[in-house]
Visitor: 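First the structure, then my questions, so here it is.
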Amino acid sequence: MAPPSQPPAPGGTDTPTPTSPLKLEIKINGQGPNAVTQGQTLVLTAGDAVEISADQDVTWSGVSNTSPTVDATVGTVTVADLQTSPRKWSGQIVSATNDSGSYTITAKAAGASASSKIDLQLRITPQDRRNGDYQVFATNGAQQTLKLDFNRKTYKMTDAAGVAESGAIGADATSSDTFVFSNARTGGSTNNARFRVSLVSDHIVVGGYPFAMPGGTTAVRPFVASRAPIKSATDLDGSFNGFGTSMAGTTADSSINSLRISSQGTKLEVCTDDVIYSVDSCPPASLKTYSVSKGATDGAWHAVNNADPGDAHNFSVVKFDNDRAYLEAEKTSANAFRFRIGLNISSSLPTSVITSYGAATDGSWGSSVTKPVSRVLIDYTLARQSSAGPGLPTGDVVRGYARNAIGLDGAALETTAFVGQFYALAPVPVLPFALGLNYALTTPTSYFMAYSPQLFARVGPRVPGAAGYLEIGLIER
């Protein structure tokens, strides 16, 4: 027999148990949790990972609000890897445009009271286009990975062994568009671990960073980083002015060579003569020819000397806007390395002032300015890798090159030079020297310079005090 029912309380009726107010907590990129209140707005960056927990079972919904700068029918924010359960919502915020947008998440528990529902609006800042992973080619022979996040102002440099260094990036107070790595290993009173990023598509990074050197030391050295290596052999063909720096133990050396990739990316030619010939005019005994094949990773290429299989090189050709560069960084032994950058050869001389910013192998950072003033004509046969240079001009000639830099000790470093332009004494049907190559004429030693549409480089000849010196700069546009 069923128990008798109880009479209602005097003067009342049956009432449901009150529902407790809904509570939410949020984690952003694993940080938190923090309490969420009704109608709260949070500012996030596209790419952020969000996790929301509820203290009771709820139903979840979400809607993308449009950006005011795009068509009202277009949702600018979506959620990737969305996962929901009665007590959890998680996903990664994705911005579909470069405009800011917002996304509203609603959690609703059973019951009709206002306390059973919470709306959370996420205002989304789009990812900076410069963010991402870049392949680093460093002048200590290393290839590493640089991750830049301009939204969070952070970086991470990871070496081939997977060892990572990370920190903040900040604006250089002395130079707009220059950024500083917050790294304590620079070894000087001035932090010259700096970099610049091109403002065009397929961004390229040029900078200086404290890299490991032979003998267990560390030094701020130049690097070039790209995220657009050429992956198809048929797109590799091109001619380059190649500047190199290398070290065996404590002995530094330079190289100045003409390079050419041809036959749909299957052949590399390098002129190694002491005179800086073009590939077409290179004496046969000085011309090395390599067969090129795919390297170990996508975008890497392997070149083997047809006459000496033991002479092999690994390289990449990277593209950025209207420019490209040949890049080679290799550890040839535990105590030796080589680096080479090839600047795209231009058939015309600069007609306006060229200003570049970058690092040099002496640890300095600064600007190099070349003006289209009177150039000194230099017989190309005097432009030798092993020579300190042809001397200074006489007469009324303007110094057209200037570098203003700061050393690791904070000292100002200033260099001025005459600009030497190569020519052939006798009329020739084909110019025997590489186009786009110039001299920075100084005493006691003159340096070689080359330009491409976006890069500048200056290298020391193979003489004591200059061998191994290399400066790489990004041209201001």
Visitor: Check whether Ser189 reaches the backbone of Asp409 with its side chain - one donor and one acceptor, N or O, closer than 3.5 Å.
Guide: yes
Visitor: What about the rings of Tyr439 and Phe448, do their centers lie closer together than 6.0 Å?
Guide: yes
Visitor: Given 3.5 Å as the limit, does a donor-acceptor pair link the side chain of Thr245 with the main chain of Gly468, or not?
Guide: yes
Visitor: Please name the residue in the list Leu437, Asn241, Asn257, Thr381 that meets the side chain to side chain contact (heavy atoms under 4.5 Å, CB included) test with Ile276.
Guide: Leu437
Visitor: Is there side-chain contact between Tyr103 and Leu44, with at least one heavy-atom pair below 4.5 Å?
Guide: no
Visitor: So does Ser246 get a backbone contact from the side chain of Arg340, meaning a donor-acceptor N/O pair under 3.5 Å?
Guide: no
Visitor: Keeping the roles fixed (side chain from Thr442, backbone from Ala417), state whether a donor-acceptor pair exists under 3.5 Å.
Guide: no
Visitor: Output yes when Arg227 and Asp133 qualify as a salt bridge under the 4.0 Å nitrogen-oxygen rule, no when they do not.
Guide: no
Visitor: Which of parallel (below 30°), tilted (30 to 60°) and perpendicular (above 60°) describes Tyr155 and Phe181?
Guide: perpendicular
Visitor: Would you say Ser452's side chain and Leu343's backbone share a donor-acceptor pair under 3.5 angstrom?
Guide: no
Visitor: Can you name the closest pair of heavy atoms from Asp237 and Ser263 and give their distance?
Guide: OD2-N, 3.7 Å
Visitor: If we ignore angles and hydrogens, is there a donor and acceptor under 3.5 Å between the side chains of Arg462 and Ser254?
Guide: no
Visitor: Is any NZ, NE, NH1 or NH2 atom of the basic residue among Asp235 and Arg324 found under 4.0 Å from an Asp or Glu carboxylate oxygen of the other?
Guide: no
Visitor: Would you say that Ser198 contacts Leu474 through its side chain, given a criterion of any heavy-atom pair below 4.5 Å between the two side chains?
Guide: yes
Visitor: Taking the side chain from Arg399 and the backbone from Thr416, do they hold a donor-acceptor pair closer than 3.5 Å?
Guide: yes
Visitor: For Ser291 and Asn306, does a side-chain donor sit closer than 3.5 Å to a side-chain acceptor?
Guide: yes
Visitor: Are Asp280 and Arg260 ion-paired here, with the side-chain N under 4.0 Å from a carboxylate O?
Guide: yes
Visitor: Just by distance, do the side chain of Asp172 and the backbone of Asp177 share a donor-acceptor pair under 3.5 Å?
Guide: no
Visitor: Can any side-chain N or O of Gln454 pair as donor or acceptor with the backbone N or O of Ile475 at less than 3.5 Å?
Guide: no
Visitor: Mind checking whether Leu287 and Glu269 have side chains closer than 4.5 Å, heavy atoms only?
Guide: yes
Visitor: Can the positive tip of Arg221 be found less than 6.0 Å from the middle of the six-membered ring of Phe211, inside 45° of the ring normal?
Guide: no
Visitor: Hey, can you tell me if Phe315 and Tyr326 have their rings parallel, tilted or perpendicular (30° and 60° cut-offs)?
Guide: parallel
Visitor: Do you know which two heavy atoms are closest between Asn192 and Val220, and how far apart they sit?
Guide: O-CG1, 3.7 Å
Visitor: Any side-chain heavy atom of Val304 sitting closer than 4.5 Å to one from Tyr290?
Guide: no
